[in-house]
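We count residues from 1, following the sequence as given. Whatever order the structure lists ligands and atoms in, that order sets their numbers, starting from 1.
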Amino acid sequence: MARKDLLDIASLHREEIEFLLDQSTSFKQVFTCSVKKVPALEGKSVLMLFYEPSTRTHTSFEVAAKRLSAEVTNFNVAHSSVTKGESIRETVETLQAMRTDYIVVRHSRSGLPGMIARQTKASVINAGDGAHAHPTQALLDAFTIKEKFPDPRGKKVLIIGDILHSRVARSTSNLLQKLGVEVAYLGPGSLVPKYGPETIRRFTDYDAAMAWAPDVVYLLRVQMERQDVQFFPSLREYHRLYGITTERLEEIRQRGLYIMHPGPVNRGVELCDAVMDYERSLINNQVENGIAVRMAVLDWLTPGGESPRSEPTFGRSAAPLPHFTA
Ligand code: CP
């Protein structure tokens, strides 16, 4: 089925996910060619609309679009009429008049990419909206795990940290479960929501979580910018209770576990420096795979159609999420 937009993981069928991951494998082969470019999106235009900071997602979408031969325009929010009070609707209508084919959008408001998708014929890709979704991060995480475990069914991924505020935890756990991976959460009780899928185990104690025998330890960034109240006593205490310390890294090494992190990392909080040199750290693999996955997504979407109605959905038992404004 052709799709106009990619707004979340929840609405993706397993077959679509498998297709995108297979396509990512093909696109990754382009990286090793002497000319790292294919003509798939020749004559198409991609607009990057980032209202929140980004290094990996922004750069890899730009590289992905260019490797597909698309033209890329970066909308610089800080130097745009947004600073003069221009609304998002007006910005999008203005950009729509320029007949862009794809809009890659990041915003602090959950659901905003869906709202833009309904206003425009362009294909809209959610590059992260509030605490709602980060679908391409989930795809690149799954792709990275599948490189190590080609059949990931029954493998166990322990996601550690600030689950409450994390669009990555939400999207990645959703996608991994669709692939038959077992997922568990570990973190302070204040940051591990009790609502959400019952199939996800919850832990607040590190040793109990490691006794669950994960294959992959997935660390989340502590998002200080999204915490208007203190969710744990101090960063030092967080590191002591949930961080990958040098002692814990040694145990992880002996057990042969993989470590992942979406970046950017807070060294000394989620992990100690030595994790970055750990032979089973997949953090740089995630970054490289982000380009292949985003090439597959751009190539797959079909601009020009109507966007089906899509709102952030958090499951029947979900409590309201924190609301973030720009
Ligand atoms: N993982 C991720 O979204 O990183 P950036 O904020 O650097 O894009």
Euclidean distance, D141 CG relative to Q286 CD, rounded to 0.5 Å: 5.0 Å

Considering all heavy atoms, the nearest I88-M115 contact: CG2-CE, 4.4 Å

Mutual orientation of the aromatic rings belonging to Y258 and F149 [parallel < 30°, tilted 30-60°, perpendicular > 60°]: perpendicular

Parallel, tilted or perpendicular: rings of H58 and F50 (30°, 60°): perpendicular

Lys/Arg-Asp/Glu bridge criterion (N-O < 4.0 Å) met for D215, K156: no

Interatomic spacing from CZ in R67 to NZ in K37 - rounded to 0.5 Å: 10.5 Å

In a simple table, one pair per line, please give the protein and ligand 1 atom names for every N or O pair closer than 3.5 Å, along with the distance.
| from | atom 1 | to | atom 2 | distance (Å) |
| --- | --- | --- | --- | --- |
| ligand 1 | 1 (N) | Q137 | OE1 | 3.0 |
| ligand 1 | 1 (N) | P262 | O | 2.8 |
| ligand 1 | 1 (N) | G263 | O | 3.4 |
| ligand 1 | 3 (O) | T57 | OG1 | 3.0 |
| ligand 1 | 3 (O) | R106 | NH2 | 2.9 |
| ligand 1 | 3 (O) | H134 | NE2 | 2.9 |
| ligand 1 | 6 (O) | R106 | NH1 | 2.9 |
| ligand 1 | 7 (O) | T55 | N | 2.8 |
| ligand 1 | 7 (O) | R56 | N | 2.9 |
| ligand 1 | 7 (O) | R56 | NH1 | 2.7 |
| ligand 1 | 8 (O) | S54 | OG | 2.6 |
| ligand 1 | 8 (O) | T57 | N | 2.9 |
| ligand 1 | 8 (O) | T57 | OG1 | 2.6 |
| ligand 1 | 8 (O) | R106 | NH2 | 3.3 |

